Amino acid sequence: MISIVVTHQMNLKYLRDCLESIADQNYPDIETILVLDHTEDDVTELVSELQEKINLSVYELEEGRTGLSAARNLGLSKVQGDHFMFLDNDDYLMPGAIQGFLEVLEEDTDIVYARLHSTRGDRAAYLEGRAEPMLGEEEVEASMNFDDGINYCVERYRLFEKLTILACLYRTGLWTENDIHFNEELLFFADAPVMARVFSKAKKLKGAENATYVKRFHNDKVNNPSQLQYPKDETMPYYIKSYNEAISVVENDRVRKHMNLILGKFIARLFPKKYRGSDDDKWRGEYYHALLDMSKTIDKKHIRKSDMFRRNKKYLFKFMKGNEAKIGKYSNMLLAKRKLIRMFQDSHFRNKTITQYIFAKWSLKENWVVFESFMGRNYSGQPKYIYQYMQKTYGDKYRYIWIVDKHGIKIDGKCKKVKRWSLKYFFYMNRSKYWVLNMRQPLSVPRREETILLQTWHGTPLKKLAFDLENIHSYTPKYKENVFKQSRDWNYMLSDNPHSSKCFTSAYMLEQHQLLEAGYPANDPMYAPDKEQRAEQLKEQLGIPKDKKVILYAPTWRDDEFIDTGEYGFNLALDVDKMREQFSDEYVLLMRLHYLVVERLDKKMFDDFVMNVSSYDDITDLYLLTDLIITDYSSVFFDFANLKRPMLFYMYDLENYRDNLHGFYLNIQEILPGPILRTNEEVFDAIANIDRVEEEYKEKYDAFYEEFCCWDDGHAAERVVKEVFQK
Ligand code: C2G
């Protein structure tokens, strides 16, 4: 029999994945031992459901005993199988994993180790290949050799705190004969000493090619940190205890050597920063002395030969000499050297450092306002219309600075244009009192306490955002952590309707006072008395014949057409040729791809009927001259609805988009003010019968307008400016 020990304290949503992955194993003789550590979750329903599928027993830790180590020990004491493993409640096994272990298990095998994959995805996403395995920074792919157990299970980790007993099937006797269990006083990092023992005592290790253990990487450090994500200042006492215990019990030379190396790396990399910068004085007292003692276990010869240190070896050797009076000086010198080298290599860092040391010392300019739309790509969106209103109302009272990307953009009125990421950009950002941006601000630009940041955003959310997203595949692992930091600095978060206020509050963990509920300035032109004349002018400017009506096709981007950070491809699903045949007498078709899509549309399709307006700066202008819009999941439709003109929703990939890629805040079947169309034929039919479609959707359109356009009336820019600049 195989025993699997699962412990549970929180994250009920993950526990289902975990237990179901056991139920999906094609091996009959498994007992699952679930240990509850005073959980607040109600697991009854899940347990009784799973008990019908697997042999599952549940135990609870007694009063006064808590923690992962205690829970694992209790689980261990209940193991009846000849072999057992630990499976964390947020992890899961791939189908066939147990069978995979057994394929290679021989009578005298002590440890069979599985392939360990890390992922940010849940089980369904992972099984369907939508969530990719990923390596952590500390897992160095190049040095991982699956056939070498010590290498794969121990040496792959470059952080001591990461050493884990997971992903292995153990001969139960290995643990009982050697009386191995977890130190319950270690609330953090209890694995290392246990790993030191099992990998020392084990005589025979085998890798199971066909077994995969999937480790779920927590993507929400803010609300649900993993052990490693707790501040070092809090967990340091456990690090010290864990290392000392591990090094005193380890008998395997390679494991000891590796533990030495990663302690050395910790001292050389992190300690100088903590010594100089931490608010916690223990780094300059108690922790310094503890690390000094620990460093006595390090064999210098190993450090000399290792490629893990590069320029930090000297510092480590000086540290090990134990000259307390000089350690501050050594740390400062090391940090200064590192900074200098980085300044030569990394221009962002250089600009940031110059800003911190020079610009930040100069006065803040009370009347400087920085504007940026879509990271400098466009002159558009809320920033443009706020800027225009300010120009008109205040003229030279303010100094206007526009951030533009490397391609440059045309901006009307008197303003200073500054290239994004240049030294000037840092200068103006740092010294300006106001930032008006429609996307998240870069964290690498030092912001002053007094800076007022108006986050205007760029659309009413349909697709879930930030903290409301469970699976985040196409963002950096630090996404939520970054978002949290960024949104703390939003003095104002502009919202266009009550629905947006609600979503932004939960998605960005905002406080009520951060919301600015004023409507969208970019929608003001849709209420301007001269909007028809403006539309005529724009049509002429773009070369659209006066007698033709305009269809605008403006789809959003797709996560699964990822190319590179912030760049996506796009497969055109609209049959432009057929459309030309049917509608070119009456209409022109404007193609407008999302700004994240870098894929170029095939030039051959463009003619009198199809025009490419993807690089046109401002979509608000395009709305004005559009008679009929075709879009999909883009926030475009919330804005366009202000015109009360017909809308079609070409959602050829609805299920995949909604269920796999994004998840929605709203039930689109209920609320959309136009038909959801799946095929080109349906689209053409709707265009041909647009009057009928309008009639059919009139009521829904009115309700939609009421709910989502309720704060737009042509005066949003004025309200925003009064609130932000006149207070
Ligand atoms: N946009 C555009 N052309 C498109 C699609 C979008 O110019 N073909 C612009 C519009 O101004 C739109 C904005 O980009 O309002 C946001 O586009 P979405 O398609 O909604 O996508 P996204 O950038 O993911 O933003 O809360 C809103 C969300 O964050 C959506």
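Note that ligands are numbered from 1 as they come in the structure, with each ligand's atoms numbered from 1 the same way. Keep in mind that this is a model prediction, so the values were computed, not measured.
- Atoms of ligand 1 lying under 4.0 Å from at least one heavy atom of A554, given by number and element, are 8 (N).
- A salt bridge links D621 to R534: at least one charged side-chain nitrogen sits closer than 4.0 Å to a carboxylate oxygen.
- At the shortest separation from atom 14 (O) of ligand 1 among protein heavy atoms lies Y595 CE2, 3.3 Å.
- For atom 28 (C) of ligand 1, the closest non-hydrogen atom of the protein is W457 NE1, 4.0 Å.
- Looking from atom 11 (O) of ligand 1 to the surrounding protein, the closest heavy atom is I619 CG2, 3.5 Å.
- Classification of R719 and D713 as a salt-bridged pair holds, one side-chain N sitting under 4.0 Å from a carboxylate O.
- Looking at atom 7 (O) of ligand 1, its nearest protein heavy atom turns out to be R592 NH2, 2.8 Å.
- When F637, F704, Y633 are each tested for a ring-ring contact (aromatic ring centres under 6.0 Å, His included) with F649, only one passes: F637.
- Only the side chain of L465 comes within 4.0 Å of ligand 1, counting heavy atoms alone; its backbone N, CA, C and O stay farther away.
- When each atom of ligand 1 is checked for a heavy atom of V636 under 4.0 Å away, the hits are 5 (C), 6 (C).
- Look at K546 and E536 and you find no salt bridge, because none of the NZ, NE, NH1 or NH2 atoms lies under 4.0 Å from a carboxylate O.
- Electrostatic pairing of D617 and K384 does not count as a salt bridge here, judged by no charged N lying under 4.0 Å from a carboxylate O.
- More than 12 heavy atoms of other residues, nucleotides or ligands lie within 6.0 Å of CG in D702, so this atom counts as buried by the packing criterion.
- In plain terms, the two heavy atoms of Q669 and L654 that are nearest each other are NE2-CD2, 3.9 Å.
- Under 4.0 angstrom from ligand 1, the non-hydrogen atoms of F374 all belong to its side chain.
- Which of R377, K463, H662 comes nearest to atom 30 (C) of ligand 1 through a heavy atom is settled by distance: it is K463.
- Inclusion of G459 in the set of residues having an N or O under 3.5 Å from an N or O of ligand 1 is warranted.
- Under 4.0 angstrom from ligand 1, the non-hydrogen atoms of D639 all belong to its side chain.
- The pair E696-R692 counts as a salt bridge, with a side-chain nitrogen and a carboxylate oxygen less than 4.0 angstrom apart.
- When each atom of ligand 1 is checked for a heavy atom of T556 under 4.0 Å away, the hits are 18 (P), 19 (O), 21 (O).
- Proximity of Y387 to Y379: side-chain heavy atoms (C-beta onward) are separated by under 4.5 Å at one or more points.
- The environment of NZ in K424 is sparse: at most 12 heavy-atom neighbours from other residues, nucleotides or ligands sit within 6.0 Å.
- Under a 4.0 angstrom heavy-atom cut-off, W557 registers as being in contact with ligand 1.
- For ligand 1, the polar-atom distance check against P555 finds a nitrogen or oxygen pair separated by under 3.5 Å.
- Shown in contact with S634 at under 4.0 Å from a heavy atom are these atoms of ligand 1, numbered in order with element: 5 (C), 6 (C), 17 (O), 18 (P), 19 (O), 20 (O).
- At the shortest separation from atom 15 (O) of ligand 1 among protein heavy atoms lies H458 O, 2.9 Å.
- Scanning the protein for heavy atoms near atom 6 (C) of ligand 1, the closest one is H594 CD2, 3.4 Å.
- Ion pair D653/R558 flagged as a salt bridge, since at least one NZ, NE, NH1 or NH2 atom sits closer than 4.0 Å to an Asp/Glu carboxylate oxygen.
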